[in-house]
Peer 1: 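Dumping the structure here so I can ask a few things about it.
Per chain, numbering begins at 1; letters A, B, ... match sequence-line order. What you see below is based on every heavy atom in this structure, not just the backbone, and it leaves out hydrogens, waters and symmetry mates.
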Amino acid sequence: MSDRLLAGLNDQQLAAVTLPAQPALILAGAGSGKTRVLTTRIAWLIQTQQASPQGVLAVTFTNKAAREMVARLGAMLPISTRGMWIGTFHGLCNRLLRAHHRDAGLPQTFQILDTADQLSAIKRLLKAHQIDDDKYPARNVQVFINGAKEAGLRAGQVEVDDPYHRKLVELFALYDAQCQREGVVDFAELLLRSYELLQRHEPIRSHYQERFSHILVDEFQDTNRLQYRWLKLLAGDRNAIFAVGDDDQSIYAFRGAHVGNMADFEREFRVRNVIRLEQNYRSHGHILDAANALIRHNARRLGKNLWTSEGSGEPVRVFEAGSDGLEAAWLVDEIKSLVADGLARRDIAVLYRSNAQSRVIEHALFNAGIPYRVYGGLRFFERAEVKHALAYLRLIENPADDTAFLRVVNFPPRGIGSRTIEQLQEAARSGGRSLYGAVGGVSGKGGANLAAFAQLIDGLRLETANLPLAAIVETVLARSGLLAHYRGEKEGAERVENLEELVNAAAAFVAEEGYAQDAAGTAADAASALPSPLAAFLSHAALEAGENQAAEGQDALQLMTVHSAKGLEFHAVFITGLEEGLFPHENSLQEMDGLEEERRLMYVAITRARRRLYLSFAQSRLLHGQTRYGIRSRFIDELPEGSVRWLTPRLRDGGGLRFGPWHDASLPAAPAAATSREKNGYRIGQTVRHARFGEGVIIRLEGSGTDARAKINFGAQGIKELLLAVAKLEAA
DNA sequence: TCGGTTCAGAGTATT
DNA sequence: TCTGAACCGA
């Protein structure tokens with residue numbers, strides 16, 4: 001059984017999957033089977049009983065990655081993945097805080113502010129304290145606060161030496177106090193708060209440290225400083241962190257990612273097991289040669305070189321266009337011929353550095369009648385009408401949520417204008433209460449309207465108390481007047497649809513996800529009562545904003561930024577706008593290590609392509625209303641000539657475009673699985689000690705009698721095959 | 001409260 | 001050039 005699990009892994013993958021419980025760093029190149037290693041590792045640990053499903057904690061950055069891990073694990077193991085701690089940093093922290101809300105100093109019903117909610121909370125704060133918003137724009141304050149939190153710092157811990165920053169720190173403290181009063185936490189707070197929870201409460205800390213015998217981290221290069229400390233704290237003395245990442249694909253420094261965490265981890269945890277996954281199962285040789293050559297221009301790397309057992313394939317094609325319009329026109333022609341040759345549109349991606357570049361391309365595609373999908377944009381739970389509905393739901397759960405209150409107090413319009421709101425805010429401030437709590441403090445017509453609104457919320461709370469989640473949502477939509485309001489609007493049809501979709505989402509949440517899922521295996525951890533289905537749904541809405549584009553039905557070309565292409569792969573990839581100033585972006589050149597990050601971004605872009613890669617740039621481009629003349633990106637010149645073919649006269653002859661048949665390389669066939677169980681009292685997964693090699697894990701048992709042999713992974717010492725009769729193994 | 005006008009800014013993004 | 005936010009008048 002475990003042999004089947006391990007079948008088909010290459011040597012490095014096998015070594016990684018079966019490592020002993022020690023700190024390990026896996027440098028997983030693009031397309032090297034990273035997710036497979038992660039999930040197989042978990043399955044291996046569980047199947048060989050080195051860990052129980054409850055004893056594993058696996059953390060990712062996106063819900064998508066977490067879902068994929070759960071799905072693949074479910075396919076590998078006949079166990080329920082429910083109740084396992086596999087999720088995003090934020091999702092897991094939320095779980096921790098829900099279970100220990102009291103110790104974390106939060107109300108049971110605490111709600112999560114998304115980025116937009118946080119910004120409006122800050123705006124409100126600035127207004128209340130009459131801060132000059134020219135000097136302190138809400139956006140900057142937000143960046144400052146989140147930056148501090150992501151570095152693990154509270155207001156009192158930020159060191160400042162000028163009046164400007166002193167004021168920011170002051171606002172930081174006021175903001176935190178406001179959140180505390182309102183019972184809300186922002187994204188960064190989820191992490192910081194749960195870090196502090198573990199740090200300050202020894203029993204809770206040791207409980208989880210003992211429970212999680214194995215911690216696995218995906219995309220380790222993207223962790224920020226706080227996440228690193230969080231992991232370290234949770235790992236305790238055991239230190240069994242299995243970190244998988246690729247420093248060459250670190251492209252999120254701008255949002256706090258600290259690649260240095262990889263080197264820090266290696267040093268601080270004295271990692272003896274650095275394993276490189278360099279065999280690439282995705283791209284043909286020329287594409288990998290281009291990627292390798294490009295990334296070699298970066299100085300600070302842990303070092304890695306991708307290779308493939310497939311052939312060189314086709315060279316990378318480069319096209320020079322006269323203008324951005326002509327670049328798009330060429331793109332259209334090229335895509336048409338790819339499609340004519342039988343390639344599915346969904347297997348072709350057009351990548352660009354910044355969103356604004358999509359416009360010209362979309363225009364050309366639209367005129368040519370080529371179906372396409374643009375990634376990025378508003379997600380389901382971010383739509384105004386959905387956020388309105390959620391605000392009502394939040395108020396039912398937690399009336400002190402002023403952000404939610406202000407969002408819907410006069411929506412749909414009910415005669416509560418800015419005057420009334422000001423009076424209410426004054427009453428709330430002087431009484432030290434929430435807006436909701438201060439409703440009685442406003443007199444006159446506005447006051448009456450406010451009272452009616454408060455009654456509406458109270459009524460909803462009572463009415464929905466015992467209803468199933470979907471019915472709660474339905475009731476709120478009807479009684480709040482939201483549905484009626486949008487039905488009466490000329491162009492409200494889509495909004496009405498979205499609101500109806502919200503009811504479906506609620507029903508699906510209960511049915512599929514099962515809000516009580518968390519409780520299944522973790523009842524012992526949950527010191528307090530479970531959150532209500534409504535609270536769970538609201539967290540879900542904040543933590544998972546949903547799809548960012550609809551209609552995936554038809555076969556459409558894929559348009560996206562290079563950033564959003566990370567982790568994806570396509571048969572054919574176009575990287576467009578390869579001009580100095582655009583890619584690498586001019587703003588990045590001023591930044592510390594900015595150029596290297598841009599180069600990594602290019603590396604990510606190149607390694608998305610399986611079979612065919614196009615690079616293009618334009619001599620002129622309309623930017624901010626003005627024609628800019630660009631020169632081709634240095635990144636093109638950093639590619640090896642032998643792997644590149646110019647389609648326009650430049651370095652080499654132009655030459656006609658020829659297309660070969662598509663070769664689809666499948667993964668190498670898995671060797672036939674052998675069977676083995678216990679031998680001479682040893683079993684697979686067992687940790688043993690060898691006089692010379694130290695501790696290792698048995699990964700295979702073969703032969704019998706005097707010929708009985710064991711294959712053992714000794715981590716840094718490598719994988720050895722030993723005769724059981726000769727080697728003196730002790731059970732560790 | 002809405003709708004039009006003016007003005008600044010324009011990079012990448014998940015939770 | 002285009003977009004979104006802020007602002008002012010009806």
Peer 1: Is A/Glu598 touching bases, backbone alone, or none of the nucleic acid, heavy atoms closer than 4.0 Å?
Peer 2: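 Here A/Glu598 touches the bases of the nucleic acid.
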
Peer 1: To the nearest angstrom, how far is A/Glu544 atom CD from B/dA13 atom C1'?
Peer 2: 16 Å

Peer 1: Going 5' to 3' through nucleotides 1-10 of chain C, assign each nucleotide B (protein heavy atom under 4.0 Å from a base atom), S (under 4.0 Å only from sugar-phosphate atoms) or - (no protein heavy atom that close).
Peer 2: BSS-------

Peer 1: Rounded to the nearest angstrom, tell me the gap between atom CG in A/Leu190 and atom P in B/dT14.
Peer 2: 17 Å

Peer 1: Please walk me through it: do A/Glu597 and A/Arg600 pass salt bridge (charged side-chain N to carboxylate O under 4.0 Å, His left out)?
Peer 2: CA-CA 5 Å; A/Glu597 176 135 329; A/Arg600 290 192 291 266; 3.2 Å; yes

Peer 1: Starting from P on B/dA10, measure out to CZ on A/Arg139 and report it in whole angstrom.
Peer 2: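 In whole Å, B/dA10 P lies 11 Å from A/Arg139 CZ.
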
Peer 1: Is the distance between the ring centroids of A/Phe574 and A/Tyr352 less than 6.0 Å?
Peer 2: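 Centroid distance A/Phe574-A/Tyr352: not below 6.0 Å, so no.
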
Peer 1: Quick one: list whatever passes salt bridge (charged side-chain N to carboxylate O under 4.0 Å, His left out) with A/Arg414, sequence neighbours left out.
Peer 2: none

Peer 1: Between B/dG11 and C/dG4, how far apart are the two P atoms, rounded to whole Å?
Peer 2: 13 Å

Peer 1: So what does A/Asn410 touch, heavy atoms closer than 4.0 Å: a base, only the sugar-phosphate, or nothing?
Peer 2: sugar-phosphate

Peer 1: Tell me whether the NZ or CZ atom of A/Arg98 lies within the 45° cone about the ring axis of A/Phe110 and under 6.0 Å from its centre.
Peer 2: yes

Peer 1: Keeping A/Ser633 on the side-chain end and A/Phe583 on the backbone end, is there a donor-acceptor pair under 3.5 Å?
Peer 2: yes

Peer 1: Rounding to an integer number of Å, can you tell me how far A/Arg67 CZ sits from B/dT14 C1'?
Peer 2: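 It is 13 Å, rounded to the nearest whole Å.
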
Peer 1: Hey, is the side chain of A/Arg255 poking within less than 4.0 Å of OP1 or OP2 on B/dG11, counting only N and O atoms?
Peer 2: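 No, because none of the side-chain N or O atoms of A/Arg255 sits under 4.0 Å from OP1 or OP2 of B/dG11.
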
Peer 1: Looking only at the side chain of A/Thr62 (C-beta and beyond, no hydrogens), which of the listed nucleotides B/dG11, B/dC2, B/dT15 gets closest?
Peer 2: B/dT15

Peer 1: Atom CZ of A/Arg414 to atom P of B/dC2: distance rounded to whole Å?
Peer 2: 13 Å

Peer 1: With the side chain of A/Arg353 defined as its heavy atoms from C-beta on, choose the nearest nucleotide among B/dT1, B/dT15, B/dG11.
Peer 2: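 For A/Arg353, the side-chain atoms sit closest to B/dG11.
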
Peer 1: Respond yes when some side-chain nitrogen or oxygen of A/Asn63 is under 4.0 Å from OP1 or OP2 of B/dT15, and no when none is.
Peer 2: yes

Peer 1: Looking at A/Ser564, does any N or O in its side chain come under 4.0 Å of the phosphate oxygens OP1/OP2 on B/dA13?
Peer 2: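 For B/dA13, OP1/OP2 do have a side-chain N/O of A/Ser564 under 4.0 Å.
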
Peer 1: Ignoring hydrogens and geometry beyond distance, is a side-chain donor-acceptor pair present between A/Gln118 and A/Gln142 at under 3.5 Å?
Peer 2: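 Yes, side-chain donor-acceptor contact under 3.5 Å.
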
Peer 1: Mapping A/Gly415 and A/His563 onto DNA chain B by nearest heavy atom, which one lands closer to the 5' end?
Peer 2: A/Gly415

Peer 1: Is it true that a side-chain atom of A/Asp186 and a backbone atom of A/Leu113 form a donor plus acceptor pair closer than 3.5 Å?
Peer 2: no

Peer 1: Any donor-acceptor pair under 3.5 Å linking the side chain of A/Asn298 with the backbone of A/Arg300?
Peer 2: no

Peer 1: Would you tell me if any nitrogen or oxygen in the side chain of A/Asn355 comes within less than 4.0 Å of OP1 or OP2 on B/dT12?
Peer 2: yes

Peer 1: By a strict heavy-atom criterion of less than 4.0 Å, which residues belonging to residues 581-588 of chain A are in contact with DNA chain B?
Peer 2: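 Residues of residues 581-588 of chain A under 4.0 Å from DNA chain B: A/His585, A/Asn587, A/Ser588.
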
Peer 1: Rounded to whole angstrom units, what separation is found between the NZ atom of A/Lys566 and the P atom of B/dT14?
Peer 2: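 Between P of B/dT14 and NZ of A/Lys566: 11 Å.
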
Peer 1: Only one of A/Arg353, A/Arg632, A/Arg628, A/Arg621 forms a salt bridge (Lys or Arg N to Asp or Glu O under 4.0 Å) with A/Glu579, so which one is it?
Peer 2: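 It is A/Arg621, the one option of A/Arg353, A/Arg632, A/Arg628, A/Arg621 that forms the salt bridge (Lys or Arg N to Asp or Glu O under 4.0 Å) with A/Glu579.
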
Peer 1: Has the side chain of A/His563 got a donor or acceptor atom that lies under 3.5 Å from a matching backbone atom of A/Ile251?
Peer 2: yes

Peer 1: Can you identify which nucleotide, out of B/dC2, B/dA13, B/dT15, has its nearest atom closest to the A/Thr115 side chain?
Peer 2: B/dT15

Peer 1: Please check: side-chain N/O of A/His585 versus main-chain N/O of A/Asn587, any donor-acceptor pairing under 3.5 Å?
Peer 2: yes

Peer 1: Going by 5.5 Å between centroids and 30° between planes, is there a stack of A/Phe254 over B/dT12?
Peer 2: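 Here A/Phe254 meets both the 5.5 Å and the 30° conditions.
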
Peer 1: Using the P atom as the reference point in each nucleotide, state the distance between C/dT3 and B/dT12 in Å, no decimals.
Peer 2: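 Result for the P pair: 15 Å, nearest Å.
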
Peer 1: How is A/Phe61 classified with respect to the nucleic acid when contacts are heavy atoms under 4.0 Å: base, sugar-phosphate, or nothing?
Peer 2: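 If one applies the 4.0 Å heavy-atom cut-off, A/Phe61 turns out to touch the sugar-phosphate alone, with no base involved.
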
Peer 1: Using whole Å, what does the distance between atom P of nucleotide B/dG11 and atom OH of A/Tyr252 come to?
Peer 2: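 Taking OH of A/Tyr252 and P of B/dG11, I get 16 Å after rounding.
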
Peer 1: Separation of A/Tyr375 atom OH from B/dG11 atom C1', in whole Å?
Peer 2: 21 Å

Peer 1: If you check every side-chain atom of A/Glu591, which of B/dA13, B/dG11, B/dT14 has the closest atom?
Peer 2: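 The answer is B/dG11.
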
